[in-house]
Student: 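Structure provided below as structure tokens; questions to follow.
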Amino acid sequence: MKKEKDKAGAGVKEIARRAKVSIATVDRVIHNRPGVSEKTKEKINAIIRELNYQPNVLAQRLALASRGTLRLAVLLPAISEETEFWQAPLDGVSQAESEIRQYNVHVERFLFDQNDQLSFTRQVKKIEQSKPDGLLFTPTFSEESVRLIRYCEKEQVPYILINADIPDTDRQYYIGPELFHSGYLAAQLLNFCTNAGEPVLLVNIAREITGNHAILRKDEGFRAFFREHDKKREIIALNTTQTDYASVSQKLTKAFQQEVKPAAIYVTNSRVSLVAKWMEQKKISNVILIGYDFLKENISFLEKGMIHFLICEKPQEQGYKGLMSLFNKLVYNTEPEKTLLMPIDIITKENYRFYRN
């Protein structure tokens, strides 16, 4: 034990000597505490990398035990029939929680109604009042999310975004899909399955579309593919903020009453099952359908052949890696990747049995 302690101390002393600063300054940098200029911090971190210095893990665990409970907050949508997708990230959070609970870590979940901005705002206020040590969340509502980010930066609370990024924001960390390329991939799949120039229907079904970064980036990527590869391809847009089946059915019926009917449909989120249900009822079997997420109802329509491709982006892994990254940063001072992109998986009737979120 003494030998390990002496070795760790010697490492810190050598870093301090080379950087020409005090041991206390090195300690502040190692444990990410304030009070050190950016220039000095960069100099010390460069020496740490040069020496391949590894902090004494045992000492850090003892320090964690002595500091009391480490409190992590998680802000995600509540689960309902309409938001089944979010069960997977929450399962990932629970998996990570079970692995780090022994280190006196408490995870508090703040759940909001994905269709209600006020619900999100209320939970943001609760988080600010609770003063967590770290935060994992999805920025469903951009304006309130930016406010939450500002709070975290002011209070020096590390935070990680999952599933959707915030555009034009110098956020700390993001774990999730590359949304533009997700839409681009969907267009590529439809291009393989249809003839050049055949019209396609681009469907956005969400209570909030104009401020929904995830949907807008997928939409942009989808259109970009055809601008580059099939400029004559007509893209028919169907946007609806009414997410009930009756409303979606009515709009789909109207779209297919036009003289030129779509050869394929791309739905930018997990509500693809609503379109599949309509196609089944209308006995439409010659239209390619692509959507998102490994959900029970989506898989059911995939088995029937109504949905041809599901694009999945490891939501459970996002929750797990997000919470573990926060823990490692706060306890071991391990810096997460600023942007950790999830693989974009293509699920079909033939391979879905072997897929795990």
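All values below come from the heavy atoms of this structure, side chains included, with hydrogens, waters and symmetry mates left out. Just so we're clear, the structure is a prediction, and the values are computed from it rather than from any experiment.
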Student: Quick check: does any side chain N or O of N163 sit under 3.5 Å from a backbone N or O of P89, one acting as donor and the other as acceptor?
Tutor: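 Here the side-chain-to-backbone pair does not exist.
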
Student: Which heavy atom of I311 sits nearest a heavy atom of E313, and at what distance?
Tutor: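 Here I311 and E313 meet closest at CG2-OE2, 4.2 Å.
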
Student: Could you verify whether a donor N or O on one side chain and an acceptor N or O on the other, from Q117 and S119, lie under 3.5 Å apart?
Tutor: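 Checked: Q117/S119 side chains show no N/O donor-acceptor pair below 3.5 Å.
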
Student: Would the number of heavy atoms belonging to other residues, nucleotides or ligands and lying under 6.0 Å from CD of Q250 be above 12?
Tutor: no

Student: With the side chain counted from C-beta on, respond yes when T241 and I209 share a heavy-atom pair under 4.5 Å apart, and no when they do not.
Tutor: yes

Student: Is the ring pair F112/F120 parallel, tilted or perpendicular, if the boundaries are 30 and 60 degrees?
Tutor: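 Rings of F112 and F120: perpendicular, as their planes differ by over 60°.
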
Student: Give the minimum heavy-atom separation between E178 and H181, together with the two atoms involved.
Tutor: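 Nearest heavy atoms, E178 then H181: OE1-N, 2.9 Å.
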
Student: Answer whether the closest heavy-atom distance between the side chains of K282 and T253 falls below 4.5 Å.
Tutor: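 Yes, close enough: below the 4.5 Å cut-off.
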
Student: Hey, does the side chain of N195 reach the backbone of E198 with a donor-acceptor pair shorter than 3.5 angstrom?
Tutor: no

Student: How close do Q281 and Y245 get, counting heavy atoms only, and between which atoms?
Tutor: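 Where Q281 meets Y245 most closely, the heavy atoms are OE1-OH, 2.7 Å.
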
Student: Check the pair I299, L295 against side-chain contact (heavy atoms from CB on, under 4.5 Å), reporting the backbone distance first and the verdict last.
Tutor: CA-CA 6 Å; I299 293 301; L295 307 182; over 6 Å; no

Student: Heavy atoms only: give me the nearest Y266-A186 pair and the separation to one decimal.
Tutor: CE1-CB, 3.3 Å

Student: The test is salt bridge (charged side-chain N to carboxylate O under 4.0 Å, His left out); show your working for R147 and E143 and say whether it passes.
Tutor: CA-CA 7 Å; R147 170 188 160 180; E143 188 175 329; over 6 Å; no

Student: Is any side-chain heavy atom of Q95 closer than 4.5 Å to a side-chain heavy atom of Q316?
Tutor: yes

Student: Do Y352 and E303 pair up side chain to side chain, a donor and an acceptor below 3.5 Å, judged on atom types alone?
Tutor: yes

Student: Contact between I160 and I175 at the side-chain level, heavy atoms closer than 4.5 Å - yes or no?
Tutor: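 Answer yes - side chains close enough.
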
Student: With no hydrogens and no angle check, do the side chains of E220 and Y184 hold a donor and an acceptor under 3.5 Å apart?
Tutor: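 Looking only at side-chain atoms, Y184 and E220 do not form any donor-acceptor pair under 3.5 Å.
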
Student: Checking D293 against N298: is there a side-chain donor and acceptor pair closer than 3.5 Å?
Tutor: no

Student: Can you list the steps and then say if I290 with I265 is a side-chain contact (heavy atoms from CB on, under 4.5 Å)?
Tutor: CA-CA 6 Å; I290 296 179; I265 304 173; over 6 Å; no

Student: Using the salt bridge (charged side-chain N to carboxylate O under 4.0 Å, His left out) rule, take K296 and E84 through it: C-alpha gap first, then chi angles, then the decisive distance, then the call.
Tutor: CA-CA 9 Å; K296 289 179 183 178; E84 183 193 343; 5.6 Å; no

Student: Can you classify the ring geometry of Y159 versus F137 as parallel (below 30°), tilted (30 to 60°) or perpendicular (above 60°)?
Tutor: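 If you compare the ring of Y159 with that of F137, the planes turn out tilted.
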
Student: Could you tell me which non-hydrogen atom of T240 sits nearest to which non-hydrogen atom of K251, and how far apart they are?
Tutor: CB-CD, 3.9 Å

Student: Between the main-chain N or O of N239 and the side-chain N or O of N204, is there a donor-acceptor pair closer than 3.5 Å?
Tutor: no

Student: To the closest 0.5 Å, what do you measure between OH (Y292) and OG (S270)?
Tutor: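 Those atoms lie 11.0 Å apart.
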
Student: Kindly give the heavy-atom pair with the smallest separation between A255 and P262, and that separation in Å.
Tutor: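 That would be O-CD, 4.5 Å.
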
Student: For residues V105 and L72, determine if any side-chain heavy atom of one lies less than 4.5 Å from a side-chain heavy atom of the other.
Tutor: yes

Student: Indicate yes or no for a side-chain donor-acceptor contact from R233 to the backbone of R227 under 3.5 Å, with no hydrogens or angles considered.
Tutor: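 Not a single qualifying donor-acceptor pair exists.
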
Student: Out of curiosity, L179 CG to H213 NE2, how far, rounded to the nearest 0.5 Å?
Tutor: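 Here the interatomic distance stands at 5.5 Å.
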
Student: If you measure only the distance, is there a donor-acceptor pair under 3.5 Å linking the side chains of S94 and D91?
Tutor: no

Student: Can you see whether S130 engages E108 through a side-chain donor-acceptor pair at a distance of less than 3.5 angstrom?
Tutor: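 There is no such pair between these side chains.
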
Student: Tell me yes or no: between the side chains of S37 and T40, is some donor less than 3.5 Å from an acceptor?
Tutor: yes

Student: With a 4.5 Å cut-off on side-chain heavy atoms, are W86 and T138 touching?
Tutor: yes

Student: Begin with the C-alpha distance, continue with both residues' side-chain angles, and end with the deciding distance and a verdict on side-chain contact (heavy atoms from CB on, under 4.5 Å) for Q258 and I236.
Tutor: CA-CA 11 Å; Q258 304 303 313; I236 306 165; over 6 Å; no

Student: Does the Lys NZ or Arg CZ of K349 fall within the cation-pi geometry relative to F301 - under 6.0 Å from the ring centre and within 45° of the axis?
Tutor: no

Student: Is any side-chain heavy atom of V107 less than 4.5 Å from a side-chain heavy atom of R109?
Tutor: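 SC-SC contact between V107 and R109 confirmed.
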
Student: In a check of side chain to side chain contact (heavy atoms under 4.5 Å, CB included) between L75 and each of T140, L136, L148, which one passes?
Tutor: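 By the side chain to side chain contact (heavy atoms under 4.5 Å, CB included) criterion, L75 pairs with just one of T140, L136, L148: L148.
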
Student: Please test Y173 against L326 for side-chain contact (heavy atoms from CB on, under 4.5 Å), starting from the C-alpha separation and ending with a verdict.
Tutor: CA-CA 10 Å; Y173 312 106; L326 271 181; over 6 Å; no

Student: Under a 4.5 Å cut-off applied to non-hydrogen side-chain atoms, are K329 and T334 in contact?
Tutor: no

Student: If we count only N and O atoms by modelled type, under 3.5 Å, do the side chains of R217 and S182 hold a donor and an acceptor together?
Tutor: no

